Amino acid sequence: MSIYDSLNGPQKEAVLTTDGPVLILAGAGSGKTRVLTHRIAYLIEELGVRPFNILAITFTNKAAQEMRERVDKLIPDAGAEDVWVSTFHSMCVRILRRYIDRIGYETGFTIYDQDDVKSIVKGIMKRLDIDTKLVNERSVMKVISDCKNDLISAAEFEKEAVDMKEKKIASVYREYEDELFKNNALDFDDLLVKTVELFDASPKVLEYYQNRFRYIHVDEYQDTNSVQFELVSRLAAVHKNLCVVGDDDQSIYRFRGADIRNILSFEQVFKGAKVIKLEQNYRSTQGILDVANAVISHNKGRKSKRLWSDRQTVEPVRFTTFPDQKTEASGVITEIKRHVDTGGERLGDTAILYRTNAQSRSFEEACLLKNIPYKVVGGVNFYHRAEIKDILGYLKTIANGRDDLAVRRIVNMPKRGIGDASVEKAAVFAAENGLTLYEALAMAEEIPGFGRSAGKITGFINQIRVLKAKSREMGIADLIRNVIDDVEYESELLKLDEEQAESKRENLEELINKAAEYDQKYEESEMLPSLDSFLEEVALVADIDSVEDSENRLLLMTLHGAKGLEFERVYLCGMEEDVFPSYLSTVSGDPADIEEERRLAYVGITRAKTYLTLTAAQTRMVNGETQFHNVSRFVKEIPDGMLKVEGERRGSAGSPFKTSRTGSYGSSGSFGGSRPGIFGTNPGFGKDVSNLFKGPAAGGDFVIDYAEGDRVSHAMMGQGTVIAMDGSGPDCTVTVEFDTRGVKKMKAGFAKLKKLL
DNA sequence: CTTTCTATGCTTTTT
DNA sequence: GCATAGAAAG
């Protein structure tokens with residue numbers, strides 16, 4: 001009896017096919033993690049491959065850790081801890097820390113997070129005098145990030161820039177690259193880009209890793225982007241033992257540059273690739289899978305597959321409507337409480353999933369009201385919270401004063417009377433003399449022109465020096481306590497209202513706990529833990545990484561956060577048009593956006609093992625105004641017999657939710673139709689609907705000012721040329737050949753095309 | 001230099 | 001509805 005006997009046919013084949021490129025199309029819940037762990041075990045145990053010759057790339061640190069543990073359990077004492085299991089990002093950091101000097105950076109580079117990037121971009125736009133009302137920094141950041149994910153350099157982008165706006169963005173991009181290089185800093189995308197650059201610049205380094213990683217595994221392959229593809233192709237070029245696992249139906253990171261073509265064209269790119277499909281689902285009941293299949297079948301261009309399960313349906317999938325988001329939340333929480341109190345269910349086996357983080361709030365409030373312990377995953381990442389970043393800023397400055405952004409952040413936090421003017425003066429001096437900001441501040445006494453600030457700056461520098469000395473004789477947890485005490489951080493908290501201050505104190509306490517855990521790892525070796533490596537670890541953690549299975553709390557998270565997880569009982573909430581699918585995806589006019597939303601729905605549905613409930617609210621507060629929503633098209637795509645509809649009956653006289661079908665979403669025939677309990681598809685009821693109604697008739701002042709052959713621009717798709725127009729008015733079907741996204745057809749009323757002169 | 005007031009714009013989704 | 005940014009006042 002071997003450990004491989006428990007695998008089904010295709011799973012076994014996937015484990016045993018070790019040489020050459022392999023694509024494992026693994027449907028949701030089909031045991032892909034099992035396959036990967038068994039495959040790695042097989043390589044080590046049966047084929048005698050040395051563990052450090054194996055690479056496995058996962059999507060999150062949590063998944064990496066779990067995989068390592070599971071392999072170790074399968075084959076104890078086989079050295080499984082030497083297998084490289086990590087995310088793309090941490091793998092790249094590891095490589096770059098060793099070799100980035102080959103491309104001109106120092107190996108002690110700092111990693112900038114989104115906030116850092118934002119303040120850099122902001123500074124540059126101010127310097128270049130670019131009006132942020134014309135181009136906001138968020139969209140500039142997006143363009144830069146998109147470029148990097150497609151390996152488009154600043155110079156290349158500049159060459160391609162056509163209009164004023166793009167030229168301006170190009171100049172920001174160029175400045176941005178210069179500044180990061182000058183600061184010896186990399187942003188998140190750079191971690192991947194620079195690794196590719198390194199490989200191209202230094203064949204020796206590439207060769208080393210090619211030889212080292214004889215067997216390469218990539219999980220969640222459907223969500224890889226171009227850089228990641230380039231990275232993987234280079235690494236696998238010699239041994240060609242590349243095993244990728246993914247599911248095109250679960251690709252949900254297109255907005256981040258993920259290219260579904262990576263998985264769809266794998267067989268063409270890697271010649272002779274073996275394709276193995278895993279279609280038996282071991283997670284969900286057949287009833288849940290039927291619903292998942294029904295929804296996802298509305299997407300085009302997918303690899304054909306149909307998940308099945310031999311788990312019998314315990315309870316049909318339910319759909320419940322509520323008057324508003326508050327009753328939705330309390331209704332769901334009450335029901336969960338009942339299942340725990342009288343049904344003997346574990347709270348930790350239930351999850352509430354929603355489209356946007358903002359939706360967590362009403363559920364949190366309901367939990368507090370009913371005394372349900374919960375954990376919100378995501379939202380503002382723990383390490384991105386202001387108070388945490390403040391303390392980390394101190395730690396970075398203590399570790400080395402090289403990170404100017406960190407110094408800027410803390411120099412007047414808490415308030416020390418060192419204002420922007422003084423900091424700018426020091427920054428100019430630093431730039432002129434090739435110093436870091438910290439070094440310049442340390443010389444404040446010798447630089448004329450600081451006036452009264454000089455003494456305050458010296459006070460700050462001395463505080464850092466004292467802490468620096470302390471850092472050499474205590475662990476990180478103690479150091480953090482000292483930072484908080486010495487700089488009197490508490491004085492900042494006292495300015496806030498008690499509730500906020502308390503939550504910040506709790507966060508700081510949690511940071512100390514995390515540091516203490518880290519300290520403990522070093523205790524056995526009787527070494528002081530390195531501040532640098534602590535900061536490094538902290539820079540790359542995702543929120544999901546910190547979820548402990550043992551905690552037994554109700555989990556609240558976005559659909560994106562739920563990827564790769566499973567729960568006995570799942571509530572998929574906010575199933576409303578313009579919430580899910582999101583407003584932006586419905587107005588963009590790009591059908592691919594809706595398809596991505598639908599895949600997200602598929603991911604959500606397939607998280608449930610036994611019980612699944614979909615809920616919707618008829619009205620919801622969005623941006624401070626009450627909006628009326630129709631039931632999500634994804635609910636309507638589920639055939640009548642598969643769904644148990646609950647909640648208030650609509651359609652009674654006087655109700656604004658009369659069942660009335662207007663087919664406002666185009667090809668009306670495909671939408672489920674009216675059935676009791678589902679409010680109609682007519683968007684034109686109640687107040688505040690004017691801004692919800694995106695249909696062609698909105699406003700009545702619709703004008704098309706472009707014609708065939710004209711250059712136009714689209715909010716999401718960029719620029720293109722109109723190649724055909726069919727019909728007139730808002731219903732006119734416009735065919736546009738976009739410069740970067742190919743030919744698309746869209747309704748003029750939806751597309752909001754702008755004519756370019 | 002800091003605090004307070006007012007305007008604005010904003011929400012997808014995240015390693 | 002809230003958080004943030006910038007202006008105005010202290």
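Naming convention: chains lettered A, B, ... in sequence-line order (proteins, then strands); numbering from 1 in each chain. This one's a predicted model, so the numbers in the text were calculated from it and none came from an experiment.
Look at CD on Glu424(A): it is 11 Å from P on dC1(B), rounded to the nearest Å. Computed from coordinates, the Phe580(A) CZ to dT11(B) C1' distance equals 16 Å when rounded to whole Å. Spacing between atom CZ of Arg598(A) and atom P of dT12(B) amounts to 20 Å, rounded to whole angstrom units. Between the NE2 atom of His629(A) and the P atom of dT11(B) there is a distance of 17 Å, given to the nearest Å. In this entry the distance linking CE of Met413(A) with P of dT2(B) reads 12 Å, nearest Å. The distance from atom OH of Tyr583(A) to atom P of dT11(B) is 13 Å, rounded to the nearest whole Å. Per the geometry, CZ belonging to Arg361(A) stands 14 Å off C1' belonging to dT11(B), to the nearest Å. Separating the NZ atom of Lys415(A) from the C1' atom of dT4(B) is a distance of 13 Å, rounded to the nearest angstrom.
For the pair Thr87(A)/Leu540(A), no side-chain contact is recorded, criterion being any heavy-atom separation below 4.5 Å from C-beta on. Residues Arg68(A) and Val83(A) have side chains not in contact (no heavy-atom distance under 4.5 Å, counting atoms from C-beta outward). Contact check for Val232(A) versus Leu242(A): side-chain heavy atoms found under the 4.5 Å cut-off.
A side chain to side chain donor-acceptor pair (under 3.5 Å) with Arg620(A) is found for one member of Glu625(A), Glu576(A), Gln325(A) and no other, namely Glu576(A).
Under 4.0 Å is where a charged nitrogen must lie from a carboxylate oxygen, and between Glu230(A) and Arg234(A) at least one such pair does. Salt bridge status for Asp249(A) with Arg302(A): present, with a side-chain N to carboxylate O gap under 4.0 Å. Classification of Glu488(A) and Lys415(A) as a salt-bridged pair fails, no side-chain N sitting under 4.0 Å from a carboxylate O.
Looking at the side chain of Arg138(A), the nearest of the listed nucleotides dC2(C), dC1(B), dT12(B) is dT12(B). Nearest to the side chain of Leu584(A), among dT12(B), dG1(C), dC2(C), sits dT12(B).
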Item to check | Strand DNA chain B as a dot-bracket string - pairs counted if Watson-Crick or G-U with both distances under 3.5 Å, | where the partner lies in another strand | outcome: ||||||||||.....

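Under the 6.0 Å distance and 45° angle rule, Lys194(A) does not count as a cation-pi partner of Phe109(A).
Summarising the geometry of Asp403(A) relative to Lys396(A), their closest heavy-atom pair is OD2-CD, 3.6 Å, with the distance given to 0.1 Å. Contact detail for Arg355(A) and Leu600(A): the closest heavy-atom pair is NE-CD2, 3.4 Å.
Positionally, the nearest nucleotide of DNA chain B for Gly417(A) lies more toward the 5' end than for the other of Asn623(A) and Gly417(A).
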Look for any protein N or O under 3.5 Å of an N or O in nucleotides 13-15 of chain B and output each such pair with its distance, or none.
{"residue": "dT13(B)", "atom": "OP1", "partner": "Asn357(A)", "partner atom": "N", "Å": "2.9"}
{"residue": "dT13(B)", "atom": "O4'", "partner": "Arg355(A)", "partner atom": "NH2", "Å": "3.3"}
{"residue": "dT13(B)", "atom": "O2", "partner": "Arg355(A)", "partner atom": "NH2", "Å": "2.4"}
{"residue": "dT14(B)", "atom": "OP1", "partner": "Thr558(A)", "partner atom": "OG1", "Å": "3.0"}
{"residue": "dT14(B)", "atom": "OP2", "partner": "Asn357(A)", "partner atom": "ND2", "Å": "3.4"}
{"residue": "dT15(B)", "atom": "O4'", "partner": "Arg256(A)", "partner atom": "NH1", "Å": "3.4"}
{"residue": "dT15(B)", "atom": "O3'", "partner": "Phe59(A)", "partner atom": "O", "Å": "3.1"}
{"residue": "dT15(B)", "atom": "O2", "partner": "His89(A)", "partner atom": "NE2", "Å": "2.6"}

Check the interface with nucleotides 5-7 of chain C: list each N/O to N/O pair with the protein under 3.5 Å, or write none.
{"residue": "dA5(C)", "atom": "OP1", "partner": "Lys122(A)", "partner atom": "NZ", "Å": "3.3"}

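Taking the ring centroids of Phe59(A) and Tyr253(A), they lie under the 6.0 Å cut-off.
Heavy atoms of Ser585(A) sit nowhere under 4.0 angstrom from any nucleic acid atom.
Taking atom C1' on both dT12(B) and dA5(C), the two are 23 Å apart, rounded to the nearest angstrom. Between the C1' atoms of dG6(C) and dT11(B), the separation comes to 22 Å (whole Å).
Side-chain atoms of Asp324(A) come within 3.5 Å of backbone N or O of Thr327(A) as a donor-acceptor pair.
The side chain of Arg416(A) places no N or O atom within less than 4.0 Å of a non-bridging phosphate oxygen (OP1 or OP2) of dT2(B).
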